[in-house]
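Have a look at the structure below before the remarks.
Only this structure's heavy atoms are used, side chains among them; waters, hydrogens and symmetry mates stay out.
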Amino acid sequence: QVHLVESGGGSVQSGGSLRLSCAVSGSTYSNYCMGWFRQAPGKEREGVAAIHHDGDTSYADSVKGRFTISQDNAKNTLYLQMNSLKSEDTAMYYCAAEAGVGPVLFRLLDPSAITYWGQGTQVTVSS
């Protein structure tokens with residue numbers, strides 16, 4: 001069982017930055033992949049960024065060069081550094097985890113196929 005708790009969301013003006021954190025507890029193994037999904041009102045949940053336990057990463061084209069995913073295994077924490085934020089980045093952001101997949105596949109998975117989710121943290125970018 002894996003428990004995920006996000007923090008760090010908030011409101012920021014366009015061009016600003018935020019860093020999301022996800023505290024991880026429970027049983028995670030070396031084959032776990034973790035990542036961030038987001039869901040805007042009226043839209044489907046989409047994979048934003050993912051990182052495997054071995055460090056491989058994957059990003060959606062819409063955030064490449066602006067967002068950076070990282071993990072601190074000693075602190076059992078996942079991060080998403082978001083720079084140059086745009087109004088279209090406004091969404092609820094969710095931390096997620098799944099075993100046995102790489103970061104590219106993880107990010108493209110249907111959300112119903114992912115086992116572990118956090119409760120979400122809201123990011124609002126005003127123009």
Side-chain angles (χ1 to χ4, degrees):
Q1 192 74 10
V2 177
H3 190 52
L4 308 172
V5 179
E6 303 98 332
S7 61
S11 297
V12 64
Q13 288 194 328
S14 181
S17 298
L18 282 173
R19 187 176 79 158
L20 305 183
S21 299
C22 175
V24 183
S25 60
S27 301
T28 57
Y29 303 98
S30 59
N31 67 338
Y32 263 82
C33 192
M34 300 193 64
W36 295 91
F37 282 68
R38 67 186 180 186
Q39 188 166 19
K43 295 189 177 181
E44 294 184 352
R45 194 170 295 191
E46 62 171 350
V48 174
I51 185 166
H52 192 263
H53 193 273
D54 63 9
D56 284 348
T57 59
S58 175
Y59 295 92
D61 288 343
S62 59
V63 305
K64 277 182 182 176
R66 299 189 298 121
F67 290 12
T68 302
I69 190 170
S70 62
Q71 57 190 4
D72 186 331
N73 292 329
K75 295 182 178 180
N76 292 327
T77 304
L78 179 73
Y79 301 101
L80 184 68
Q81 178 66 44
M82 305 185 294
N83 298 329
S84 302
L85 282 162
K86 305 175 181 179
S87 57
E88 52 262 45
D89 294 318
T90 295
M92 185 71 79
Y93 283 71
Y94 297 91
C95 178
E98 185 60 54
V101 295
V104 174
L105 178 59
F106 176 85
R107 190 175 53 76
L108 297 176
L109 281 175
D110 187 287
S112 64
I114 295 176
T115 305
Y116 300 106
W117 291 95
Q119 82 287 353
T121 186
Q122 178 68 37
V123 172
T124 302
V125 184
S126 57
S127 56

Using distance only, find each side-chain donor-acceptor pair of residues 14-24 under 3.5 Å and give its atom names and separation, not counting sequence neighbours.
residue: Ser14; atom: OG; partner: Leu85; partner atom: O; Å: 3.4
residue: Ser17; atom: OG; partner: Asn83; partner atom: OD1; Å: 2.9

CG-CD distance between Leu4 and Gln119, expressed to the nearest 0.5 angstrom: 9.0 Å
Set of side chain to side chain donor-acceptor pair (under 3.5 Å) partners for Glu98, sequence neighbours left out: Thr115
All side chain to side chain contact (heavy atoms under 4.5 Å, CB included) counterparts of Thr124, not counting sequence neighbours: Ser11, Thr90, Gln122
Interatomic distance, Thr77 atom OG1 to Met34 atom CE [nearest 0.5 angstrom]: 9.5 Å
Connected via hydrophobic side-chain network under 4.5 Å: Leu78 and Val63: yes
Residues that Arg38 engages under salt bridge (charged side-chain N to carboxylate O under 4.0 Å, His left out), provided they are two or more places apart: Glu46, Asp89
Ring pair (Phe, Tyr, Trp, His ring centres under 6.0 Å) contacts touching residues 55-81 (sequence neighbours left out): none
Disulfide bond (SG atoms under 2.5 Å apart) pairs, two or more places apart, involving residues 60-89: none
Co-membership, hydrophobic cluster, residues Leu109 and Met92, 4.5 Å side-chain: yes
Exam field: side chain Glu6 to backbone Cys95, donor-acceptor pair closer than 3.5 Å: yes
Pair listing, disulfide bond (SG atoms under 2.5 Å apart) test, anchored in residues 37-86, at least two apart: none
Interatomic spacing from CG in Leu80 to OG in Ser70 - rounded to 0.5 Å: 8.5 Å
Smallest separation among heavy atoms of Pro103 and His52, with atom names: CD-CB, 3.9 Å
Path from Trp36 to Leu105 over hydrophobic side-chain contacts below 4.5 Å: no
Which residues share a side chain to side chain donor-acceptor pair (under 3.5 Å) with Ser127, sequence neighbours left out: none
Hydrophobic cluster membership, Ile69 vs Val2, 4.5 Å side-chain cutoff: yes
Sequence neighbours excluded - ring pair (Phe, Tyr, Trp, His ring centres under 6.0 Å) pairs with any residue from residues 85-127: Phe37-Phe106, Phe37-Trp117
Other ILVMFWY residues reachable from Val104 by side-chain steps of under 4.5 Å: Leu108
Partners meeting salt bridge (charged side-chain N to carboxylate O under 4.0 Å, His left out) with Asp61 (sequence neighbours left out): Lys64
Disulfide bond (SG atoms under 2.5 Å apart): pairs with one or both residues in residues 54-88, sequence neighbours excluded: none
Backbone N/O of Ser84 and side chain of Arg66: donor-acceptor pair under 3.5 Å: yes
Atom pair OH/CD of Tyr32 and Gln71 - distance to nearest 0.5 Å: 13.5 Å
Heavy-atom closest pair, residues Cys33 and Ala50: SG-CB, 4.2 Å
Heavy-atom closest pair, residues Ala60 and Gly47: CB-O, 3.6 Å
